[in-house]
Undergrad: 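Have a look at this one before I ask anything.
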Protein chains: 2
Amino acid sequence: MSSGLDAQRLLIFREIARAGSLASAARSLGWTQPAVSQHLRHLERQAGTPLVLRRPRGVQLTEAGQTLLRHAEAIATRLRLAADELDALVRLSAGTVRLAAFPSAGATVVPAAMGLLADRHPGLDVRLREAEPPQALALLAAGEVDLAVTFSHPAPRPDAASGSGAALTPEPETVGASDLVRMVVGEDPLMLVLPRSHPCAEPADVPLPLGELAGEKWVGGCERCTANLLAVCAGAGFVPDIRHGSDDYVLTQALIARGLAVGLLPRLALDAALDPGVAVRPTAGLRPRVLYVSHHRDADRVPAVRGAVRALLDAMAAPV
Amino acid sequence: MSSGLDAQRLLIFREIARAGSLASAARSLGWTQPAVSQHLRHLERQAGTPLVLRRPRGVQLTEAGQTLLRHAEAIATRLRLAADELDALVRLSAGTVRLAAFPSAGATVVPAAMGLLADRHPGLDVRLREAEPPQALALLAAGEVDLAVTFSHPAPRPDAASGSGAALTPEPETVGASDLVRMVVGEDPLMLVLPRSHPCAEPADVPLPLGELAGEKWVGGCERCTANLLAVCAGAGFVPDIRHGSDDYVLTQALIARGLAVGLLPRLALDAALDPGVAVRPTAGLRPRVLYVSHHRDADRVPAVRGAVRALLDAMAAPV
DNA sequence: CGCTGACCCAAGCGATACTTATGGCATGAG
DNA sequence: CTCATGCCATAAGTATCGCTTGGGTCAGCG
């Protein structure tokens, strides 16, 4: 810009040097001869010195022209390099996606999606960072990750009409006061987890009303999970007796397996690591938590990000 | 060119990245914001992928943007480098002049001019090559030298009117069928050279008519000089008895000093190396040979060439 | 809740750049 | 010695490109 030299004209000059004459360069460029002549004139005025000597059979570069040609070649090479690199990024044969996911997803669907992505685009560099949803969104807002996999519990008073079928649409919805958008990638039903010896442990496939366990000792999960536990129990008409708390689903199951408590765990956590000492039953009347993937408003137009989102959706669609 | 990326827009993009927002970049560039926005849009279309994410407080580079930025920086650096180098060439603090000169000039006025040039522009690289005028012009036409210092003998039948005063004008005159031009840089009178013991050796300052030496044995110079000798002697009404021939003015003088011949030598040759055994007298009625400097038609617009021509003219103007 | 700052969109106009047309100049062939 | 060809420069016309103007939306802040 400030350097007085027009980069585009330099490339035209390069063509002049290559072709050996203005007319020939014009033919190569698909232009007429005067067009090239004018470009050269402008370039020479910017340079402050003639770049070529007009000889009967064409042109001959002056020393200044030879100097400029070297730089023009370097610039052309750079341009080509840049185009190649961009092409690799667009074709997803290169690039980086950094994503953040909460633990139970990071141990199940996210690795599955990453595997899918690695198969489809071997050149992609995919990086995962574990973070609970609020922190994941903070990382996203700070630009430290490109995608955030989060969940949220549905409102405790379910409007029964909104079936789960339409909830799976990959339509981005704007989230809060920010330029972040999120889309639903799936659901994760909450399961009641009991000691194997517990009287309610059977039958495993029949949903169990939450109220049946009103008198039990409970173990809570992470902060938001515990809040949700309190909310759904309130919905069932009791206040759970929460004796323990941990966001580690392995630890939580260990407590339950030893008969110290019952718990409400998302299925993803159980998929990640199921303690053989626990029994699992579906809940009756509890809406599943919803899984989201979030990114900046227009980041889904970035090839690597789009590819990662697609892989996530596909991984969720397939059985984990 | 063919790389789909517009080099000029890359520099605009660099400004966007530097400024952190389109609006700020627009201010730096002295444009309005939509102008920058359009450039970015075009660049992103060429790139096939977003280069920045539009954030509330400005923009954030995507991976493609960061990639492109690196190349843009490299290109900007190249442009600056090119501008600096050109500037050095224009200011004559760098550059090369290659010149060809015939021997006696190359031993006298040309070194003087080269010294002048070196004093004025220490960075200049001046190179000299010895060549008789026809070869010097051939070198010039072939592009192997930038300047040719030549001479030519005036027509044997002088139209006495054209005084030598107007002949010194530095007005380029086109030469023959070519794109070469030449300008007169000076004159070089022809001197009669005799053995010291020769009866005509004195008085040294009084012009001697050529005819006085009609009966002597002669030594000829280079091909064109010998032709000229024959011509001027014919003009004086006799045919010289040429016994020896050499284009080496030292050898020639040695022959003369030993009384083996007389000769007609240009003053420059005598200035270059005067044999103490010879006497020199001006000729009566003989026009001096004319010295020229030749170059390609528009090469005098090249700074280094122009400087060298000026130095040559100045060196000729001053006493050698 | 208005205000500011940032970006986008659409439309209009002006400068840039390419074309057409013409001429000069050097070279090579008829 | 013309004549023809190929090269470049210049001038004028035109069309495109690019910048501006004047809308509008959105997010953040006092």
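All of these numbers come straight from a predicted model, not from anything done at the bench. Order of the sequence lines sets the chain letters (A, B, ...), proteins ahead of strands, with each chain counted from 1.
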Undergrad: Run L51(A) and I16(A) through side chain to side chain contact (heavy atoms under 4.5 Å, CB included) and show every step you take.
TA: CA-CA 11 Å; L51(A) 299 176; I16(A) 294 175; over 6 Å; no
Undergrad: Please confirm whether the shortest side-chain N or O distance from H39(A) to OP1 or OP2 of dC18(C) is below 4.0 Å.
TA: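 Yes, H39(A) has a side-chain N/O under 4.0 Å of OP1/OP2 on dC18(C).
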Undergrad: More 5' along DNA chain C: G30(A) or R57(A), using each one's nearest nucleotide?
TA: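 Whichever sits nearer the 5' end wins; that is G30(A).
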Undergrad: Report yes if the side chains of R182(A) and L180(A) come closer than 4.5 Å at any heavy-atom pair, otherwise no.
TA: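 Of all side-chain heavy-atom pairs linking L180(A) with R182(A), none is under 4.5 Å.
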Undergrad: Can you check whether T32(A) has a side-chain N or O nearer than 4.0 Å to OP1 or OP2 of dC18(C)?
TA: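 False: T32(A) side-chain N/O out of range (4.0 Å or more) of dC18(C) OP1/OP2.
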Undergrad: Using every non-hydrogen atom in the two residues, find where L11(B) and A72(B) come nearest and quote the distance to one decimal.
TA: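 Heavy atoms of L11(B) and A72(B) come nearest at CD2-O, 4.1 Å.
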Undergrad: Is the shortest distance from a Lys or Arg side-chain nitrogen in E132(A) or R224(A) to a carboxylate oxygen in the other one below 4.0 Å?
TA: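 Between R224(A) and E132(A) there is no salt bridge, as every charged N stays at least 4.0 Å from the carboxylate O atoms.
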Undergrad: Looking only at the side chain of A35(A) (C-beta and beyond, no hydrogens), which of the listed nucleotides dC7(D), dC18(C), dC26(D) gets closest?
TA: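 For A35(A), the side-chain atoms sit closest to dC18(C).
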Undergrad: P34(A) has a side chain; which of dC18(C), dA17(C), dT20(C) sits nearest to it?
TA: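 Of dC18(C), dA17(C), dT20(C), dT20(C) is nearest to the side chain of P34(A).
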Undergrad: To the nearest Å, how far apart are I12(A) CD1 and dC18(C) P?
TA: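 These atoms are roughly 6 Å apart.
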Undergrad: I'd like to know if Q38(A) reaches the base of dT16(C) with its side chain, counting only an N/O donor and acceptor under 3.5 Å.
TA: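 Per atom types, no contact qualifies.
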Undergrad: Considering only NZ, NE, NH1 and NH2 on the basic side and carboxylate oxygens on the acidic side, decide whether E85(B) and R70(A) come within less than 4.0 Å.
TA: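 The answer is yes: the pair qualifies as a salt bridge.
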Undergrad: Check every atom of dT19(C), dC9(C), dC7(C) against the side chain of R41(B) and return the nucleotide holding the closest atom.
TA: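 Among dT19(C), dC9(C), dC7(C), the one nearest the side chain of R41(B) is dC9(C).
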Undergrad: L29(A) has an atom CG; how far is it from atom C1' of dT19(C), in whole Å?
TA: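 Atom CG in L29(A) sits about 15 Å away from atom C1' in dT19(C).
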Undergrad: To the nearest Å, give me how far apart CG (L40(B)) and C1' (dC7(C)) are.
TA: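 Atom CG in L40(B) sits about 11 Å away from atom C1' in dC7(C).
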Undergrad: Could you state the CG-P distance from L53(A) to dC7(D), rounded to the nearest angstrom?
TA: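 L53(A) atom CG is separated from dC7(D) atom P by 18 Å.
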Undergrad: In whole angstrom, give the distance that lies between atom CG of L51(A) and atom C1' of dC8(D).
TA: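 Taking CG of L51(A) and C1' of dC8(D), I get 16 Å after rounding.
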Undergrad: Rounded to whole angstrom units, what separation is found between the CG atom of D298(A) and the P atom of dA27(D)?
TA: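 Whole-Å distance recorded here is 12 Å.
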Undergrad: If you pin V36(A) and V59(B) to their nearest nucleotides in DNA chain C, which one's is more 5'?
TA: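 First, find each residue's nearest nucleotide; the 5'-ward one identifies V59(B).
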Undergrad: Write down the distance between CG (L22(B)) and P (dA27(D)), rounded to a whole number of angstrom.
TA: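 Spelled out: CG on L22(B) to P on dA27(D) is 17 Å.
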Undergrad: If you check the S37(B) side chain, which of dC19(D), dC8(C), dC7(C) turns out closest?
TA: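 Nucleotide nearest to S37(B)'s side chain: dC8(C).
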Undergrad: Please give, in whole Å, the distance from dC19(D) C1' to R27(B) CZ?
TA: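 R27(B) atom CZ is separated from dC19(D) atom C1' by 17 Å.
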Undergrad: Output the single nucleotide from dA27(D), dA9(D), dT20(D) whose closest atom is nearest the side chain of Q33(A).
TA: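 Minimum distance to the Q33(A) side chain belongs to dA9(D).
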Undergrad: Let's see if you can work this out: which of dC8(D), dG28(D), dA17(C) has an atom nearest to the side-chain heavy atoms of R54(A)?
TA: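 Of dC8(D), dG28(D), dA17(C), dC8(D) is nearest to the side chain of R54(A).
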Undergrad: Identify which nucleotide among dA6(C), dA27(D), dT20(C) has an atom closest to any side-chain atom of R297(A), counting heavy atoms from C-beta outward.
TA: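 From the listed options, dA27(D) comes nearest.
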Undergrad: Checking Q60(A) against H296(B) for the side-chain hydrogen bond (donor to acceptor under 3.5 Å, both in side chains) test, could you report, in this order, the C-alpha distance in whole Å, the side-chain angles of both residues, the deciding distance, and whether it holds?
TA: CA-CA 11 Å; Q60(A) 181 189 10; H296(B) 284 287; 4.5 Å; no
Undergrad: Quick one: is dC7(C) close enough that its OP1 or OP2 comes under 4.0 Å of any side-chain N or O from R55(B)?
TA: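 Negative; the distance criterion is not met.
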